[in-house]
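Data block below; observations after.
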Amino acid sequence: MSGGGCSIVWFRRDLRIEDNPALSAGVRAGAVVAVFIWAPEEEGQYYPGRVSRWWLKHSLAHLDSSLRNLGTHLITKRSTDTVFSLLEVVKSTGATQLFFNHLYDSLSLIRDHRAKEVLNAQGVTVRSFNADLLYEPWDVNDAHGRPFTTFAAFWERYLSMPYDPESPLLPPKRIIPGDVSRCPSDTLVFENEAEKASNALLARAWSPGWSNANKALTAFINGPLIEYSKNRRKADSATTSLLSPHLHFGELSVKKVFHLVRIKQVLWANEGNMAGEESVNLFLKSIGLREYSRYICFNHPYSHERPLLGHLKFFPWVVNEGYFKAWRQGRTGYPLVDAGMRELWATGWLHDRIRVVVSSFFVKVLQLPWRWGMKYFWDTLLDADLESDALGWQYISGTLPDGRELDRIDNPQFEGYKFDPNGEYVRRWLPELARLPTEWIHHPWNAPESVLQAAGIELGSNYPLPIVGIDAAKNRLQEALSEMWQLEAASRVAMENGTEEGLGDSSESVPAAFPQDMQIEETHEPVRNNPLPVSRRYQDQMVPSITSSFVRVEDEETTSDLRISAEESSRAEVPENVNTQQNAGVTLNERMLQTAHRSTHIHYNTTMELINVAEDSAVESSSGTRRERDGGLVPEWSPSASSYSEQLVGDENGITSSSSYLQRHPQSHQLLNWRQLPQTG
DNA sequence: CACACTTTGTC
DNA sequence: ACAAAGTGT
């Protein structure tokens, strides 16, 4: 009945009906209008990649059919302004309440806060819930009430919290539909024709949708979980949980995963099954890393753009698109790396181990800017997840307080024999090496000519020689690091002399933009070896079609030249990035974020409270982009131009570690806070 | 066998 | 950085 008006349940990355607190709240309140708003342009540079959109499409269809079974359906809206669309839905349905579940990336924090403000102003009651994490980030603090800065400490605390994560909620039995007669759905288009063809094979391997996610969970817990510890060293993905895409879209409740896995843990502990227990601990730890990625994003909203430890801002990245392309196409000359990149290219999937291998190679050997790699992962992975990717790449790049050392280079040859001892993985993804004996499979450059001939391999022709030698890479890395420390020291001196932002400048927010906006880059960063004309514009990189990928690789291999001409590489692997405008002007402030999620009692957070205000932005933002910079800096949705320098000071202030990582740990919080204002540092 | 030195895993 | 495990003398 229309007495209280209906509730809108706003679905985002919580595409399930089970253990969905926002949905349950809506059902409890009466009639429900379930809404999904597709506004990818709001993601700016992080417009979802092809396979990710494929997943979303099917996940939504699945959700819609579940909702229909319960008595309603999903309203879908195509939008360029989510909040505006919400408002429209409110008006056309007469809704008086809005329920949604929390997200923790900075874009969502800002957008959701704005949604709350705008709808509240319209007299709509807005309530939001935790559906994505075991514990809310603001509930997990150290003894001093401050956020943790290392995973180990964070996870230890997590596992010893005084209260358990909430128990999963059951799905509603029935949903009373709200009146949507004046609120038609828009047809959402998630893929173009070319992409459709490329995506055709995905359905063979994956089944999006929340109930399929549950099946996958059950299968994993009753199967591979017990061997998880033993098998996690293999390149083969058959032993991983394969749950990450389900988790990304919230088809699966982490709380439920946690509960079920814990039950197994208790069981195996009682049986004295050590291997099983170890496996559970490891698996839970990987769940913990996902939690931690949200935690980091919440506490450090810029973590997908800026290194959390500031010295990396002075690292002289090798801006070499030829390297970048060779890496993407699996033509680096290191079989394990190349096999991984080909698998990613072809399937959108990569075992966690191999993700570490290829990204570490990217950063340490090729010394390409880590954000390019992160962006490529975002574009290509089926489970692309900004928070997790940012954490992973920062870890690899040595920019986390507990990350691995910067100057340690992992040798893909040795890792190859570790993770793929029989070369099966390499042979599967690098057919050109299929006939090479295992002895040489991970270092063909050492193989005798006769062996290569017998295997039909001509190095430099149908399989590349190593693009960079490991020894050369080590030397180059040492040079780069000493250059980095020098620049860092110089900058610190400049700061102390009050020469202020001369050195820091906006470069810190732009460690090196993705090639599409490279030309700006170059003025900011100490950059070496830039062989390409800076005027070139790059398309976004996404995955080429599965069917054509190998053909293309073979094609190009005959040319075997790593220095690819501009024309050649602009033969886009992909359609143009739909939108390069970014939500530059969206800003948030202390109040916004504090109220964004919680009520009053949160006072710890230095991070959020220091984000600058631009009062006008909320109003303007409904009209689209305000601060489009052609050529484009990286999307920065928070700082407004005017407040920019102010934060930089804060930044410089926060980032001081000169020697290695946070030797003086008491300072670690300061080191990690971007938004520190001058007087507080 | 004790000892230093190297290698490995950390998220 | 650091601890644990492995290797060499």
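Given the structure is predicted, the values throughout are model-derived calculations rather than measurements.
Whole-Å rounding puts the A:Glu291 CD to B:dC11 P distance at 16 Å. Per the geometry, CG belonging to A:Leu289 stands 5 Å off C1' belonging to B:dC11, to the nearest Å. What separates CG of A:Asp410 from P of B:dT10 is a distance of 11 Å, to the nearest Å. Atom CG of A:Leu391 and atom C1' of B:dT10 are 13 Å apart (whole Å). Here the P atom of nucleotide C:dA1 and the CG atom of A:Leu400 are 16 Å apart, to the nearest Å. The CH2 atom of A:Trp155 sits 16 Å away from the P atom of B:dT10 (whole-angstrom rounding). Atoms CZ (A:Phe151) and P (C:dC2) sit 20 Å apart, rounded to a whole Å. The OH atom of A:Tyr158 sits 16 Å away from the P atom of B:dC11 (whole-angstrom rounding).
Counting non-hydrogen atoms under 4.0 angstrom, A:Arg290 reaches nothing in the nucleic acid. Base contact: A:Asp352 has a heavy atom under 4.0 Å from a base atom.
The base of B:dT7 does not come close enough to the side chain of A:Arg408 for any donor and acceptor atom to sit less than 3.5 Å apart.
Contact between the side-chain N/O atoms of A:Lys285 and the OP1/OP2 oxygens of B:dT10 is not found at any separation under 4.0 Å.
In this structure, A:Tyr395 counts as stacked on the base of B:dC11 under the 5.5 Å centre distance and 30° plane angle limits.
Annotation: side chain of A:His248 is not in contact with side chain of A:Leu381 (no heavy-atom distance under 4.5 Å).
Between A:Tyr46 and A:His304, the distance separating the two ring centers is shorter than 6.0 angstrom.
Among A:Trp317, A:Phe377, A:Trp327, the one residue that satisfies the ring-ring contact (aromatic ring centres under 6.0 Å, His included) test with A:Phe362 is A:Trp327.
Between A:Trp349 and A:Trp206, the ring planes lie tilted relative to each other; the angle falls in the 30° to 60° range.
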